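Each remark here refers to the structure printed beneath this line.
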Amino acid sequence: FYNICEKLCLNVLDNDAKTPGLRIQALEFDELFYDIKIETQQGSKVIRLKGQFDRLDEVDEQIRVVDYKTGKVEIPKDAKKLITEPFKEGRFAAALQTLFYTLVYLKNYPNQSVIPLIYHLKSSENMIKPVSENPIDLNQLKEYEFLLKQKLEELWNSDIPFAFDDYEEESKYLMMEVL
């Protein structure tokens, strides 16, 4: 494990060294949050949204919200579906999480724009995978915030079962456990 970690860290450092003007702003940063109001069966509820940002950096005066990933990384290819598809398909979980951090950041700094990106640590080439090629501002995340609020309200709704529903994809693994 030590050798693997060392290799991953060296890959990041090598890649960062090739990025002109890179300035690391924060690592393992968890000081930002924002409160969202949802409607539940018991009435209104305020939920504090917070996460631990892997990294905030800046390149050419552009802030980037960076999320490190070692697993599979898929980002919707159609920019028009970037906001909606991560809520529909689990394979876009990395994009969903990175957009979440982007939303939290922009709620704290509403006059800025950021580039959300994923640092795919196991990739030998193209480690940096932008979730969006262009900077995103708070206005562009209105639909994302709406969908997030809907999902939170669904989670707090006791009439909607909280259950795993992707059996087709996972059934091959479940069958191995049964045997």
Side-chain angles (χ1 to χ4, degrees), residues 25-56 63-120 129-178:
Q25 301 294 326
L27 296 169
E28 299 298 319
F29 182 70
D30 67 353
E31 296 172 22
L32 298 181
F33 64 87
Y34 103 94
D35 296 333
I36 187 170
K37 184 177 177 182
I38 66 168
E39 298 304 321
T40 71
Q41 293 163 316
Q42 294 78 33
S44 296
K45 180 182 251 347
V46 175
I47 299 172
R48 176 154 290 170
L49 299 177
K50 184 176 181 174
Q52 185 159 346
F53 292 63
D54 289 338
R55 172 168 143 179
L56 293 172
I63 298 291
R64 304 186 314 175
V65 172
V66 182
D67 198 28
Y68 296 126
K69 293 293 180 203
T70 56
K72 189 173 182 182
V73 172
E74 275 193 68
I75 299 167
K77 290 177 180 35
D78 184 350
K80 293 176 186 171
K81 295 181 178 180
L82 173 64
I83 300 299
T84 57
E85 287 303 300
F87 283 96
K88 296 176 185 173
E89 295 195 42
R91 65 190 172 117
F92 299 130
L96 181 75
Q97 182 178 1
T98 307
L99 287 171
F100 173 82
Y101 293 138
T102 299
L103 176 65
V104 171
Y105 181 87
L106 290 172
K107 282 293 189 172
N108 284 268
Y109 300 99
N111 296 323
Q112 292 189 8
S113 64
V114 300
I115 294 180
L117 63 91
I118 296 168
Y119 227 117
H120 192 210
K129 299 191 178 302
V131 174
S132 171
E133 294 293 333
N134 299 309
I136 292 178
D137 63 28
L138 192 55
N139 189 51
Q140 291 167 284
L141 289 179
K142 282 184 180 180
E143 185 176 10
Y144 179 90
E145 184 178 19
F146 174 78
L147 293 169
L148 178 62
K149 182 177 177 177
Q150 274 188 324
K151 188 56 71 177
L152 291 168
E153 288 174 347
E154 179 183 319
L155 289 171
W156 256 266
N157 186 339
S158 60
D159 293 335
I160 300 173
F162 186 75
F164 179 71
D165 65 355
D166 194 6
Y167 292 105
E168 283 185 40
E169 177 63 27
E170 300 299 325
S171 63
K172 56 189 168 197
Y173 303 111
L174 296 173
M175 293 302 290
M176 290 190 327
E177 289 179 15
V178 172

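Quantities reported herein were computed from a predicted structural model and do not represent experimental measurements.
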Closest approach of [X] to [Y] (non-hydrogen atoms, all atoms of both residues):
X	Y	value
E74	F92	O-CD2, 3.4 Å
L32	F29	CG-CE2, 3.4 Å
V73	K69	CG2-CB, 3.7 Å
P86	L96	CB-CB, 3.7 Å
P110	L138	CB-CD2, 3.9 Å
I115	S132	CG2-O, 3.7 Å

Just how far is it from atom [atom1] of [X] to atom [atom2] of [Y], taken to the nearest 0.5 Å?
X	Y	atom1	atom2	result
T98	Y119	OG1	OH	14.0 Å
L103	N108	CG	CG	9.5 Å
K129	H120	NZ	NE2	6.5 Å
L106	N111	CG	CG	10.0 Å
L147	E85	CG	CD	10.5 Å
S113	L141	OG	CG	11.0 Å

Decide yes or no for [X] and [Y]: does some side-chain heavy atom of the first lie under 4.5 Å from some side-chain heavy atom of the second?
X	Y	answer
L49	L148	yes
L82	L99	yes
E28	D54	yes
D137	Q140	yes
V65	L56	yes

- Task: Report the C-alpha separation of R64 and Q25 in whole Å, then their side-chain angles, then the decisive distance to 0.1 Å, and conclude whether the side chain to side chain contact (heavy atoms under 4.5 Å, CB included) test is met.
- Result: CA-CA 9 Å; R64 304 186 314 175; Q25 301 294 326; over 6 Å; no
- Take atom OH of Y68 as the centre, draw a 6.0 Å sphere, and report whether it contains more than 12 heavy atoms from other residues, nucleotides or ligands. yes
- Query: Counting N and O atoms only, with roles assigned by atom type, does the side chain of E153 sit under 3.5 Å from a partner on the main chain of E39, one being a donor and the other an acceptor?
  - Reply: yes
- Message: Checking the side chain of Y144 only, and the main-chain atoms of F100 only, is there a donor and an acceptor separated by less than 3.5 Å?
- Response: yes
- Message: Assess whether a salt bridge exists between K142 and E145, defined as any Lys/Arg side-chain N lying under 4.0 Å from an Asp/Glu carboxylate O.
- Response: no
- Query: Using 30° and 60° as the class limits, which term best fits the ring planes of F53 and Y105: parallel, tilted or perpendicular?
  - Reply: perpendicular
- Test side chain to side chain contact (heavy atoms under 4.5 Å, CB included) on Y109 and V114 and set out the steps. CA-CA 10 Å; Y109 300 99; V114 300; over 6 Å; no
- Query: Can you list the steps and then say if F87 with Q150 is a side chain to side chain contact (heavy atoms under 4.5 Å, CB included)?
  - Reply: CA-CA 10 Å; F87 283 96; Q150 274 188 324; over 6 Å; no
- Task: Please identify each residue that fulfils side-chain contact (heavy atoms from CB on, under 4.5 Å) with F33, with sequence neighbours left out.
- Result: D35, R48, K50
